[in-house]
S.K.: 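Please read through the structure below; I'll follow up with questions.
What you see is a predicted model, and the numbers here were worked out from it, not measured in a lab.
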Amino acid sequence: MEDKASVNKSSVFPIGLLLAVCIDIAIDGLLLGIGFAAGRKEGILLSLALATENLTLSLATASSLGRQGIRANKVLSIIIILAAIFFLFSMAGDALFHNLEDTSMEIILSFGLAALLFLVTEELLVKAHAQKDNIWLTAPFFIGYLLFLILGVTM
C-alpha cells in the first residue's frame, strides 16, 4: 500500500490552482460585461487591460500545468475552457447590467473602484512600509490618482 509520501507530486491534478484561476477569470469577464454596459469606451479600455492580464494569467497557468506533467493537448483544452468562461461571464455581465439606470451603474462602479483601490493601496502600503517614508514617493501616487479621477469626470 502506498503512503502519502511516496505519491508523485506531478501525478496530482492542481484543482486548487484551476479553481482560483476560474474564479478570477469569471470575475474579470463579469467586469468586462459591466464595462461594456457602462459604455463603449469603458468596455474597450477594460478589454485592453484584461487582455494583457488574461494573457499573462493563461501563460502562467499553462506553464504551471506543464510542470505538473499534464499533456499539452489537455493544457490547451483547459485554457480554451477558461477563455469560454471569460466570454460567458462577460456576456452575462453585459446582459445583467445593460439596462440599469445611470444612478445604479454609478453605485456599482463606485463600489468596484473602492474595492480595487483598497486592494491596490493595501498591497502598495505593505511594500511601501518596508522602506522609509518619503513624501516624494507617496505624493506622485495620490497626484496620479487625482489626475485620473479628474480626467474621468471631465471626459
S.K.: Using 0.5 Å steps for rounding, measure from the CD1 atom of I44 to the NZ atom of K41.
M.R.: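 One finds 10.5 Å between CD1 of I44 and NZ of K41.
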S.K.: I'd like to know if the side chain of S104 reaches the main chain of L100, judged simply by a donor and an acceptor atom lying under 3.5 Å from each other, with no hydrogens or angles considered.
M.R.: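 The answer is no, because no donor-acceptor pair under 3.5 Å joins these two groups.
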S.K.: Which heavy-atom pair separates D28 from F86 by the least distance, and what is that distance?
M.R.: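 Smallest interatomic distance, heavy atoms only, reads C-CE1, 3.6 Å.
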S.K.: Once rounded to the nearest 0.5 Å, what's the spacing between atom CG of L17 and atom CD1 of I78?
M.R.: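 Reported to 0.5 Å precision, the distance equals 9.0 Å.
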S.K.: Indicate yes or no for a side-chain donor-acceptor contact from S90 to the backbone of F87 under 3.5 Å, with no hydrogens or angles considered.
M.R.: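 Yes: the side chain of S90 pairs with the backbone of F87.
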S.K.: At their closest point, which heavy atom of S58 faces which heavy atom of I79, and how far apart are they?
M.R.: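 Between these two residues, the closest heavy atoms are O-CD1, 3.7 Å.
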S.K.: Is there a path of hydrophobic side-chain contacts, each under 4.5 Å between heavy atoms of I/L/V/M/F/W/Y residues, joining L18 to I81?
M.R.: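 Linked within one cluster.
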S.K.: Quick one: do K74 and F13 satisfy side-chain contact (heavy atoms from CB on, under 4.5 Å)? Show the steps, please.
M.R.: CA-CA 12 Å; K74 193 168 187 177; F13 194 76; 4.1 Å; yes
S.K.: Using only atom types and a distance under 3.5 Å, with no angle test, would you say the side chain of S64 pairs donor to acceptor with the backbone of T61?
M.R.: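 No; judged by distance alone, with no hydrogens or angles, the pair does not exist.
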S.K.: Can you tell me how far the CG atom of D24 sits from the CG atom of L82, to the nearest 0.5 Å?
M.R.: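 If I round to the nearest 0.5 Å, the distance is 10.0 Å.
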S.K.: Can you tell me how far apart CG (L65) and CD (Q68) are? Round to the nearest 0.5 Å.
M.R.: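 One finds 7.5 Å between CG of L65 and CD of Q68.
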S.K.: Would you find a donor on one side and an acceptor on the other, under 3.5 Å apart, between the side chain of S63 and the backbone of L59?
M.R.: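 No; judged by distance alone, with no hydrogens or angles, the pair does not exist.
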S.K.: Quick check: closest heavy atoms across L46 and G35, and the distance to 0.1 Å?
M.R.: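 Closest heavy-atom pair between L46 and G35: CD1-CA, 3.6 Å.
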S.K.: Is F89 linked to L55 within one hydrophobic cluster, defined over Ile, Leu, Val, Met, Phe, Trp and Tyr using a side-chain heavy-atom separation of less than 4.5 Å?
M.R.: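 No, separate clusters.
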S.K.: Can I34 be reached from F111 by stepping across I, L, V, M, F, W or Y side chains whose heavy atoms are under 4.5 Å apart?
M.R.: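 Unlinked, F111 and I34 end up in two clusters.
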S.K.: Quick check on the hydrophobic clustering: are I85 and I23 connected, directly or via other members, by side-chain heavy-atom contacts under 4.5 Å?
M.R.: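 As far as the 4.5 Å side-chain criterion goes, I23 and I85 are not connected within one cluster.
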S.K.: Answer yes or no: are there more than 12 heavy-atom neighbours, outside D102 itself, under 6.0 Å from its atom CG?
M.R.: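 Check fails, neighbour count at 12 or below.
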S.K.: Which heavy atom of V75 sits nearest to which heavy atom of G66, and what is that distance?
M.R.: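 It is CG2-N, 4.4 Å.
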S.K.: Run I27 and L30 through side-chain contact (heavy atoms from CB on, under 4.5 Å) and show every step you take.
M.R.: CA-CA 5 Å; I27 291 171; L30 196 61; 5.5 Å; no
S.K.: Which heavy-atom pair separates S47 from L32 by the least distance, and what is that distance?
M.R.: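 Between these two residues, the closest heavy atoms are OG-CD1, 3.3 Å.
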S.K.: Report the distance from atom CD1 of I70 to atom CG of L76, rounding to the nearest 0.5 Å.
M.R.: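 Interatomic distance, I70 CD1 to L76 CG, rounded to 0.5 Å: 13.0 Å.
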S.K.: Counting only heavy atoms from other residues, nucleotides and ligands, does the tally under 6.0 Å from CZ of F97 exceed 12?
M.R.: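 Yes, because the 6.0 Å sphere around CZ of F97 holds more than 12 heavy atoms from other groups.
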S.K.: Taking all non-hydrogen atoms of both residues into account, name the closest pair between M105 and A38 and its distance.
M.R.: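 Nearest heavy atoms, M105 then A38: CE-N, 4.1 Å.
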S.K.: Out of curiosity, I25 CD1 to L50 CG, how far, rounded to the nearest 0.5 Å?
M.R.: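 The CD1 atom of I25 sits 9.0 Å away from the CG atom of L50.
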